[in-house]
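Protein chains get the first letters and strands the later ones, always in sequence-line order, with residue 1 at the start of each.
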Amino acid sequence: MDNNLKEQILRSSGVNVLKCMRCGKCSGTCPSYDEMEYHPHQFVYMVEKGDIQKLMESESIYKCLTCFACVERCPRNVEPAKVVEAVRLAAIRQQGNNHLTPVQIPGMLDEDLPQQAIVTAFRKYTK
Amino acid sequence: MQEAMINRAKELMADGTVSRVIGWKRGEFAYDITPAVFETAEEIDSDFVCDDFTAANVSKYLIKESRKEGRILAFLKPCDTYSFNQLIKEHRIIRENVYVIGIPGGPKLDAEKLKARGITGILGVRNEKGTLHIDTVYGEETMPMFEAILGKCENCKSTKHVVYDELMGEEGEVIADSGRFDRVAELENMTAQQRFEFWREQLSKCIRCNACRNVCPACSCENCVFDNPDSGISNKAAADSFEENNFHIIRAFHVAGRCTDCGECSRVCPQNIPLHLLNRKFIKDINELYGEYQAGEDTTSRAPLTNYNADEDCEPSIVHERGAE
Amino acid sequence: MQRIGVFVCHCGTNIAATVDVKAVAEALGHEPGVVISQDYQYMCSESGQNLVKDAIKEHNLSGIVICSCSPRMHENTFRKAAAAAGLNPYLVEIANIREQCSWIHRDIATATEKAIILGKAAVAKVHLNTPLTSMESPVVKRALVIGGGIAGIQTALDIAEAGFDVDIVEKEATIGGKMAQIDKTFPTLDCAACILTPKMVEASQNEKIHIYAFSEVEAVKGFVGNFTVKIKRKARYVDEVKCTGCGACIEKCPMKKVPNEFNMGLDNRHAVYIPFAQAVPKIATIDPNYCMMLKNGKCGLCSKVCAAGAIDYKQQDSFIEEKYGAIVVATGFNPIKLDKYDEFSYNTCPDVVTSLELERLMNAAGPNGGTLLRPSDKSHPHTIVFVQCVGSRCSDEKGKPYCSKICCMYTAKHAMLIRDKYPDTEVYVFYIDVRTPGKNFDEFYRRAVEQYNVHYIKGMVGKVTPKSDGKIDVQASDLLSNEQLHIDADMVVLAAAIEPDKTARPLATMLTTQMDTNDFFTEAHPKLRPVESATAGIFLSGACQGPKDIPETVAQGSAAAAKAIGLLCKNSITCNPCVAHSDELMCNGCSSCEKVRPYGAITYSDKEFRMPDRTIAVRRVASVNPAVCQGCGACTVACPSGAMDLSGFSNSQIMAEVDAICK
Amino acid sequence: MQVNDNNFEPVIVAFCCNWCSYAGADLSGTNRLNYPTNVKIIRVPCSCRVNPMFILRAFQRGADGVIICGCHPGDCHYTSGNYYARRRITLLYSMLDFLGIERDRTRLEWVSAAEGAKFAATMESFTEQVKALGPNRRLEDLRCRKQ
């Protein structure tokens, strides 16, 4: 099962996790590091091991800002953010796993929140 | 013009400038004019011809003739001077041994085109204001001049003489819009299948008479690779489609960058294969890919195939990228 | 009738595992002319060679085909074996069934089929091989060393020691190279200047060595044993002979704000300068980009104070041409530019420096006289962060894909020196891996950790941000404790990747030597011929061939010298007999071949020929100087008549191979 | 003869210069990089040694594709050989195309001694390309065809 999942993650992300040389620059550069249970370099390593269920169940997949700093700075062109994105997609594609529902929205609204952010969040966190 | 040429030839012979003259004489018929060497004034008087059928390029003969004792007078049409110059460049003709008189060129006439109209028994031709008056054994016939022009004169590239010791008649100029690559471009725009069929139809007519090779001023090797049993590709008769292709590809390749586009190959082909198109294809490619180059224009420039431009030359993949399909 | 022997090598299992060698030997045994076809475990071994030699004698063979590894490996081995058995060495052909067959294919049936075809092609070719005899070509007893760093100096000293003249061409104003800029050397921590400068002096005083400093190689012609090199002597605007190096001109020069390259631009020099105190040759150089006299004709002070009258504002670049038997390339390396690494703030923060800059900051002859101070405010740094692998091991276009090899060790050295001299300074080293193979290297690194308490942290720095209080925020990951760190640093030192000098690429083109995709020179064999280039007579010394530390560079410098000496010792060398030759009977004398010849080996002369009709004709024909021709074959294709052919790769031989493959 | 595209195994002749491409081919062997067995290599000193006659000869004898590999421009062991080769081969390919012979049967590639991977990948893609074209019929000497 996890092997299929790994295949799916690798295919949908287009990332070759074997290129990683474990330098940790992605995690060294990540602005959401402290928010995350699993960090960018762990995403890459755990996907390589096929340890994906843990990632899918972790809140970490929603903490990634998709700022692509890790992609920009990775010396090996591994693109960890794409792995995170692929794991997140794998999670929300499962029935009932939407991370955001319309009923949550009113509680989140405040003056400074741009409308665009809500639209983007829906795109990102729902099926 | 013929009269003036004969007089001048005799003068130069008399004053010792030259000892021989290469020109043309009549063959079996009025229209088969062939190159000939004259050694006496009498021979010149009786046999020397230069008329509308006098198309042959005599440059190639000068390889041998210029190495003989004494100086030889050669009458060269503009297109012939390019061949002559190219042979000078290749150290084949000894320039000092040739006295070149530039004479006006064509357009020359193609007897085959006359015969195609049913005009036979030709005795002579007069050109009056674009109309040909043909004297035949059956009486006089007429036809428009432009319909009888020899293939190689149809897209004349230049009426300028690039080399001469003296000039008879007026000097012409390079014709930039000769349209000589139009037919090549037409073929290029066909599909590969159409081109293949076109050339199969043409080249399958080849009887390997070697006339094209023997007349070509660029094909002047002491020993042709196709006659050399050690070359690995020698053959006499073309028994297979491959050999027909092979002979003409290799021949075109060997003269690439050296062919002056004199058109003699197509003129002499008994099977009327448009062989000059192969040469023109190379000339067109060279012009487009490596810059304009006219073989025979000068005697010092480097030929495109013995030259290169490290930074600007295209990759062969350009062949795959351009063209139809 | 040819009597051909075929010998199929198993190469242990290298060939035999994927190619049915017995079947190959069997199949080739049926080829026309083949009288013996055998297989053997290791054909290149002594017993394998004996097998070949015995067969040559026993069967009176007229040619042999060895189906084995690449001819680039063992062609010479078997040629020598053939010669020993009395067969002309050029009657040997190799069918490459290892690199180009067994190693790349997995299916035994198809690999065997291919091996047979390759063998047949070699048999077809050997049928047409002719015995060839090598020519001799004289060797010029003088060597050229390009680059005057420690590699070039070592090579030159060794060659001179052996009694041969040697010239060093150095593009900078002084020899010494990168080592002259380094403060201390690992793993012994002795002072670089103390061990380098005596060698520089030794080179300058050696009668056999001539140093062309401030010069560049402009053009190279010729071939092994006989190179002609054009050297550009760049204008110094100072007469080298007259200048005594007294320095009076420098003292008086009013133009004092020129970035000092020797100190990595960390301080300034004058427009007229001597790079450093121990420079060799110790001659002043005027920088035309800054000298006011050269720029707008106003000043001339240096000329007035020069007692020797050495200043010459009108000096021009000059050129000399010299002949050499051997050339050693020692062009060295440079740290890469870090412009593209915005995350490390190298371009924006003066306290973020490269390791080479740190060398100068710590050097007694450096901008701070040996006291380590922050470049920004000249204060003493209390926290220093080292970042390893900046630009090394990068697969993107910003960096280099290889490991720069020296950074782990010099960073340990820097960390140790700082902790030793300034024990109140905390030193952090962020590493991906610590690579310390080498004698006493790992012990050295462990000393940094265990004795000097340097904090080694496994992880990469993600971001370096200068803060308003003058501190530098270093954000990094600590992979072992799985946390993200923020360190308030005073200085950040980046271990920039090293790359070959930019002059190496055009030089490689001039020398017709190969380079790899990173612009390092390619050695003739990665293991067995590490200091020779694939071009005969060109040798490689130091970091131009790959990242190297000083001990390795010196070792390779001496090795290259040994190879060059081996060549210079010979009075003449055997030329490759696989060269072009012209059939005068067919030659038109058209000069097509002359136009494409790269070495000027083709000349023309008028010759008399007896024609079939018994007359004598004089014709211009080409002839090839076999000592000069290198056998490229360009002329053979340019020749329309086929008069030009190439021995060893003749038209008929190549066509026989084509036929055998296509059949 | 019925040609089944799936089973068609083209004969491919590769001319490799001794200094770069042949070494590159060796390197792909040293690195165990697989490429089709269809490719058979002929060693020539330089890409400029490749006479158009050799290419035609290969097609005559039934080769389905011919690829020529040389040093990268600027890296020729003989300084300029590959520049001449580039012009000659360009013109030859152009002429073959002009005669309607499939232009994809021929290719010139620059492969350095360090590019083992490129060599293998090039041979792989060229073999695929020639396979897609099917057997060479337009420039084959029927008398040379295998019975």
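- Here the straight-line distance linking atom CD1 of B/I249 with atom CD1 of D/I55 works out to 10.5 Å at 0.5 Å rounding.
- Under the 3.5 Å distance criterion, the side-chain polar atoms of D/R86 are left unmatched by any main-chain donor or acceptor of B/P316.
- Between chain D and the residues B/F198, B/F196, B/W199, the largest count of heavy-atom pairs under 4.5 Å involves B/F196.
- B/N245 touches chain D through its side chain: at least one heavy atom from C-beta onward sits under 4.5 Å away, while N, CA, C and O do not.
- Within 6.0 Å of the NZ atom in B/K205, the count of heavy atoms belonging to other residues, nucleotides or ligands exceeds 12.
- At a 4.5 Å heavy-atom cutoff, the contact between B/L289 and chain D is made by side-chain atoms alone.
- Within 6.0 Å of NZ on B/K160 lie no more than 12 heavy atoms contributed by other residues, nucleotides or ligands.
- Taking 4.5 Å as the limit, every side-chain heavy atom of B/N246 sits out of range of all side-chain heavy atoms of D/R57.
- For D/R88 (side chain) and B/L305 (main-chain N/O), no donor-acceptor pair under 3.5 Å exists by modelled atom type.
- Put simply, the side chain of D/F98 reaches to within 4.5 Å of the side chain of B/L187, judged on heavy atoms.
- For the pair B/E315 and D/T90, the minimum side-chain heavy-atom distance is 4.5 Å or more.
- Here the side chains of B/F253 and D/L56 are not in contact, with every heavy-atom distance at 4.5 Å or above.
- Among D/N51, D/I89, D/L91, D/D104, the residue with the largest count of heavy-atom pairs under 4.5 Å with chain B is D/L91.
- Neither the backbone nor the side chain of D/I68 comes within contact range of chain B, judged by heavy atoms closer than 4.5 Å.
- Neither the backbone nor the side chain of B/S317 comes within less than 4.5 Å of any heavy atom of chain D.
- Within the 4.5 Å cutoff, side-chain heavy atoms of B/R195 are placed close to those of D/D97.
- Ring geometry for B/Y308 against D/Y83 counts as parallel: the plane angle stays under 30°, on a 0 to 90° scale with 60° as the upper cut.
- To the nearest 0.5 angstrom, D/S94 atom OG is 8.5 Å from B/E288 atom CD.
- Between B/N309 and D/R87 there is a side-chain heavy-atom pair separated by less than 4.5 Å.
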